[in-house]
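A short write-up of the structure that comes next.
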Protein chains: 2
Amino acid sequence: MQYSAAEENYIKAIYRLQDHAAMVTTNALADALQTKPPSVTDMLKKLKAKKLLNYEPYKGVKLSAEGKKVALAVVRKHRLWESFLVSKLQFGWDEVHEVAEELEHITSKKLIDKLDAFLGFPRFDPHGDPIPDSQGRITIQPQVRLTELPLHQSAEISAVGSQSPALLELLKAKGLQLGTRLDVRKIFSFDRSLDIRIKQQASVNISFELASVLFVKTC
Amino acid sequence: MQYSAAEENYIKAIYRLQDHAAMVTTNALADALQTKPPSVTDMLKKLKAKKLLNYEPYKGVKLSAEGKKVALAVVRKHRLWESFLVSKLQFGWDEVHEVAEELEHITSKKLIDKLDAFLGFPRFDPHGDPIPDSQGRITIQPQVRLTELPLHQSAEISAVGSQSPALLELLKAKGLQLGTRLDVRKIFSFDRSLDIRIKQQASVNISFELASVLFVKTC
DNA sequence: ATTAATTTTTAGATTCGCCTAAATTTAAAT
DNA sequence: ATTTAAATTTAGGCGAATCTAAAAATTAAT
């Protein structure tokens, strides 16, 4: 079966919202999708008819097993395209979302699987979110905040908790990017700032605020 | 300005048909787009209002200067995506058209320009058709049929005149693909078959039929 | 436990791109 | 030069996805 871009967007939004609330409400969806509640109601009826979700009027909505499969497929497409844009086309992390939002609706499964192979079957996207494999399985994130990394434990930056241009600017200035190998040399108790050493290079001092939006995987 | 996928498809179809006839007719368009004449009339009115074409009822249609610009942009996108699919994702030439038909409607100009750079600014797509640059300029094809290549003149395969699976199979068996460097060692007058030498490798003999659907650029 | 406020759904309309059937214009044929 | 045939346009409608305004159901509050 194949779904329209609008349908896929609803499914994806419900999938996201499900994590934070047992039942997804009409208004929450309208908010997330930048649309109005009546439009949501209409679409929910349609998706219910297609058995992608369980919806009872006034009660809220949850994805069916089939719906979750569709959601994972869309998430897979989105995150693979983001990975492509960053690792091959030199986009910044803060620029990829909108474009991936369009690319994720391209329908060829073959395309996505070949793209996956071309990228070397990455398990995390540039924001550190897991990429479902072609069966929809996802690897649980083994990453921790840099603030939680033990001293002298070697690790690499695997995700960034925000995509603000301000953060991007700071990271560039500090010479930090996705994949940068580092370990923590010292933690200053005064301001909880960290001295980190970048893989056989000089040390830099970074603030607690910065360290807490950086995620690392030990290696 | 930005145009819908449907609008872009009409513009592209008109652009193609303009080459073969001074005026593009409603029926020809309906045929090319697998749609019905009344739909075409509707869209022509809309595109005329947007000044993308000159249309007089019952007389036919021609693209305006602005329309040609849009057409070239769409053609550029289509051919760059086809190049990507073949040269990076290992698609066969015969499989790329449909997918590219979807990808060509992604709207980010930045994406396309970065894709262009990633591919090394190719001037021809896998079928040998020229790729407009970011200004819409196209290079005239400097390629010739392999049957017309002088003896010992080094060249590379730049296009294939057909996309049949049968041809693809044969090329694979002979070890020939887009970009393969070669030169002609001998032409047998009996059947006009050619012995060609693949760039520092063994020679192979190919039939005149095959040679005449292969296009090469000297280099 | 009624009333008030909020959330959600229904009703009815709009735009886009398409359709069929019928009318109209242009071109071809006798 | 009429008549016939073909091409094109108009008229009216449909499904998808959206909207506003109004009604109904749920939740919160006095």
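The sequence lines fix the lettering, A, B, ..., with proteins before strands; numbering per chain opens at 1.
- Within residues 19-32 of chain B, the residues approaching DNA chain D are B/T25, B/T26, B/N27, by heavy-atom distance under 4.0 Å.
- Rounded to a whole Å, the CD atom of A/E7 is 12 Å from the C1' atom of D/dG15.
- Atom-to-atom distance recorded for A/H105:NE2 and A/N9:CG is 3.5 Å, nearest 0.5 angstrom.
- Judged by distance alone, the side chains of A/D125 and A/H78 never bring a donor and an acceptor atom under 3.5 Å apart.
- Listed nucleotides D/dC19, D/dT8, C/dC19 differ in distance to A/K36; the shortest reach to its side chain belongs to D/dC19.
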Discussion item. Under the criterion side-chain hydrogen bond (donor to acceptor under 3.5 Å, both in side chains), I'd like the reasoning laid out for B/E102 against A/T107: C-alpha separation, chi angles, the key distance, then a yes or no.
Written reply: CA-CA 8 Å; B/E102 277 190 73; A/T107 53; 2.6 Å; yes
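- The pair A/R79-A/D116 does not meet the salt-bridge criterion, since no charged nitrogen lies less than 4.0 angstrom from a carboxylate oxygen.
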Assess the residue pair B/D191 and B/S193 against the criterion (side-chain hydrogen bond (donor to acceptor under 3.5 Å, both in side chains)); give the C-alpha distance rounded to whole Å, side-chain angles, the decisive distance to 0.1 Å, and a yes or no. CA-CA 5 Å; B/D191 62 355; B/S193 71; 2.8 Å; yes
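- Per the geometry, CD belonging to A/E56 stands 14 Å off C1' belonging to D/dA25, to the nearest Å.
- Relative orientation of the B/F118 and B/F84 rings is tilted, given thresholds of 30° and 60° on the angle between their planes.
- As rounded to whole Å, 12 Å separates atom C1' of D/dT26 from atom NZ of A/K59.
- A straight line from CG of B/L44 to P of D/dA7 spans 17 Å, rounded to a whole angstrom.
- Distances shorter than 4.0 Å separate none of the side-chain N or O atoms of A/Y3 from OP1 or OP2 on D/dA16.
- A sub-4.0 Å separation between OP1 or OP2 of D/dT18 and a side-chain N or O of A/T35 is absent.
- Considering only heavy atoms from C-beta on, A/F124 stays 4.5 Å or farther from A/F215 through its side chain.
- When all heavy atoms of A/I14 and A/V24 are compared, the pair lying nearest together is O-CG2, 4.0 Å.
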Where do N or O atoms of nucleotides 10-16 of chain C meet protein N or O atoms at under 3.5 Å, pair by pair?
residue, atom, partner, partner atom, Å
C/dT10, OP2, A/K45, NZ, 2.7

